[in-house]
Enquirer: 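Would you mind keeping the following structure in view while I ask a few things?
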Amino acid sequence: MKYTSCSNIQNGIRFEYNSIKLCCFMGSNTPEPLYIKKDYYGEKLNWKEIVENIKTIRENQRNGITPKECIGCFGLQNQEWDDNQKFKWIQIAHWSECNCNCTYCYRLQDTFVKPKKRYKIMPIIKELDKMGMIDYNGELAYSGGEPASLREFDDITNFFIKKGEKLIMVHTNAIKPVKSVLNGLKTDTMSVTASVDCGDREKFKQIKQVDAYNKVMDTLKKYVKAQGNDKKMVRSKFILIPKVNDTVEDVNKWLDESERIGIQRVILDFEADWLERNKHNIPEHINDLYSYICDSTKHRGLDLQFYGVATQYRELKGLNVDGYGLHQE
């Protein structure tokens, strides 16, 4: 049946340090995403109730009733949706520890409240697996804190690899190489995305507030070398931060360095808070720089992808967002 919904409403779940959500995105007209459970810190879950609540949300979408939290979100699409009710798009971001200090990180915002405690994900994953609630023909994505600091990372990753997970996405600062990532890249089922945001040491220190640019480049070179048949599984991301890295020179340095270490796919995103504040008055030089990035990556023969905030930018500018969905299928 054809109706308006999104892949996260249909089959998504995201674990954060203080809550469980269907996704990490926010509608342009609302201040928060769609929660499944707020103030969650590892307590026993009533999955029957949770699944029924999600089912109600799906049925409402089928009947044209969109949650207020989702109104205006770029992820909503009108298409044929199947009746699969398993969790297919699993996002793990339940810890906040990191060895980096990015100026745009949620941990530096006034709204960030330090977690009461870190809870374990592996028992939850095993419970969902036992219930037959995971569709492994989907995507497991790590974000949140730095995966290198997550003690369960290897156990979770190896569990999903053994189950035949189609794609495992790791978002990392790449300051420290992770052995299981090096092994996972060989299988063509794992991708690595690092927000580098620049192409030189000084700019990196300004944005990340740590002096680790050379370490990041060394780690990414190791990851590129570890790739299997698919040579586009290691990606460098550029979060465009106006008045910080918003020049052609900044972009060229980033692309030059990406090519130097052998990266063939790059990702563009925008600093989220800035876009929200300026979405109705985007400076022309930002529009020009966006066009330059699109043209330059094409000229260099690099694949260019857009992450969530960049997709919102494209939507605001009236650009085609078809084909730039929430997940890599």
Side-chain angles (χ1 to χ4, degrees), residues 5-61 65-73 75-76 85-98 100-102 104-131 133-134 139-147 149-153 155-156 159 169 171 272-273 276 308-309 326:
S5 189
C6 88
S7 55
N8 282 320
I9 288 175
Q10 296 298 121
N11 306 103
I13 190 166
R14 176 179 173 87
F15 297 94
E16 292 196 355
Y17 67 91
N18 61 355
S19 62
I20 303 175
K21 307 173 182 178
L22 283 183
C23 74
C24 64
F25 297 104
M26 291 179 284
S28 60
N29 301 317
T30 56
E32 61 182 32
L34 187 57
Y35 286 92
I36 297 174
K37 190 171 182 61
K38 289 187 176 182
D39 299 319
Y40 178 71
Y41 298 97
E43 298 82 8
K44 181 69 175 177
L45 293 164
N46 184 339
W47 283 108
K48 183 177 180 180
E49 179 182 343
I50 289 173
V51 170
E52 284 301 313
N53 289 343
I54 296 173
K55 184 178 179 181
T56 298
I57 296 170
R58 292 194 193 109
E59 288 302 313
N60 285 341
Q61 284 295 138
I65 305 170
T66 298
K68 67 181 187 303
E69 295 89 348
C70 301
I71 294 173
C73 182
L76 292 174
Q85 296 188 19
K86 296 182 179 181
F87 295 119
K88 188 176 183 180
W89 315 111
I90 300 174
Q91 302 175 19
I92 296 179
H94 70 302
W95 80 107
S96 57
E97 291 87 347
C98 188
C100 205
N101 209 24
C102 303
Y104 50 74
C105 181
Y106 68 92
R107 296 183 302 120
L108 301 183
Q109 297 176 358
D110 294 337
T111 55
F112 175 68
V113 178
K114 190 174 181 179
K116 295 178 182 178
K117 63 178 181 178
R118 181 204 282 175
Y119 62 92
K120 291 186 177 181
I121 275 287
M122 199 65 222
I124 300 174
I125 295 298
K126 288 183 176 179
E127 184 178 8
L128 289 174
D129 178 71
K130 187 176 181 179
M131 295 166 57
M133 287 300 300
I134 300 178
E139 175 185 290
L140 167 69
Y142 290 98
S143 53
E146 169 55 35
S149 68
L150 177 60
R151 294 177 183 177
E152 291 184 287
F153 181 81
D155 289 340
I156 297 169
F159 180 87
M169 295 182 64
H171 295 89
D273 289 341
E276 183 60 28
V309 183
L326 306 179

Enquirer: Parallel, tilted or perpendicular for Phe153 and Tyr142, by the 30°/60° rule?
Expert: tilted
Enquirer: Do Cys70 and Leu34 make a side-chain contact, defined as non-hydrogen atoms from C-beta onward lying under 4.5 Å apart?
Expert: yes
Enquirer: Between Cys23 and Trp89, is any pair of side-chain heavy atoms under 4.5 Å apart?
Expert: no
Enquirer: Nearest 0.5 Å please: distance from the CD1 atom of Ile134 over to the CD1 atom of Ile90.
Expert: 4.5 Å
Enquirer: Report yes if some heavy atom in the side chain of Leu150 is under 4.5 Å from a heavy atom in the side chain of His94; otherwise report no.
Expert: yes
Enquirer: Taking the side chain as every heavy atom from C-beta outward, state whether Asp273 and Tyr104 have any atom pair closer than 4.5 Å.
Expert: no
Enquirer: Could you tell me whether the side chain of Trp95 and the main chain of Glu146 form a donor-acceptor pair under 3.5 Å?
Expert: yes
Enquirer: Can the ring centres of Phe15 and Tyr119 be said to be less than 6.0 Å apart?
Expert: no
Enquirer: Just by distance, do the side chain of Gln61 and the backbone of Ile9 share a donor-acceptor pair under 3.5 Å?
Expert: no
Enquirer: Taking it one step at a time, do Ile54 and Ile13 satisfy side-chain contact (heavy atoms from CB on, under 4.5 Å)?
Expert: CA-CA 10 Å; Ile54 296 173; Ile13 190 166; 5.5 Å; no
Enquirer: Take Arg118 and Glu97 through the test salt bridge (charged side-chain N to carboxylate O under 4.0 Å, His left out) and record every step on the way to the result.
Expert: CA-CA 10 Å; Arg118 181 204 282 175; Glu97 291 87 347; 2.9 Å; yes
Enquirer: Test Gln91 against every option in Glu139, Arg14, Glu16 by the side-chain hydrogen bond (donor to acceptor under 3.5 Å, both in side chains) rule and name the one that passes.
Expert: Arg14
Enquirer: Give a yes or no on whether a salt bridge exists between Lys44 and Glu127, defined as a side-chain N under 4.0 angstrom from a carboxylate O.
Expert: yes
Enquirer: Could you state the interatomic distance from CD1 (Ile57) to OG1 (Thr66), rounded to the nearest 0.5 Å?
Expert: 11.0 Å
Enquirer: Using a 4.5 Å cut-off on heavy atoms from C-beta on, say whether the side chain of Ser7 contacts that of Lys88.
Expert: no
Enquirer: Would you mind reporting whether Tyr40 and Leu45 have side-chain heavy atoms less than 4.5 Å apart?
Expert: yes
Enquirer: Is the closest side-chain heavy-atom distance between Met133 and Trp47 below 4.5 Å?
Expert: no
Enquirer: Kindly indicate whether the side chain of Asn101, heavy atoms from C-beta on, has any atom under 4.5 Å from the side chain of Arg107.
Expert: yes
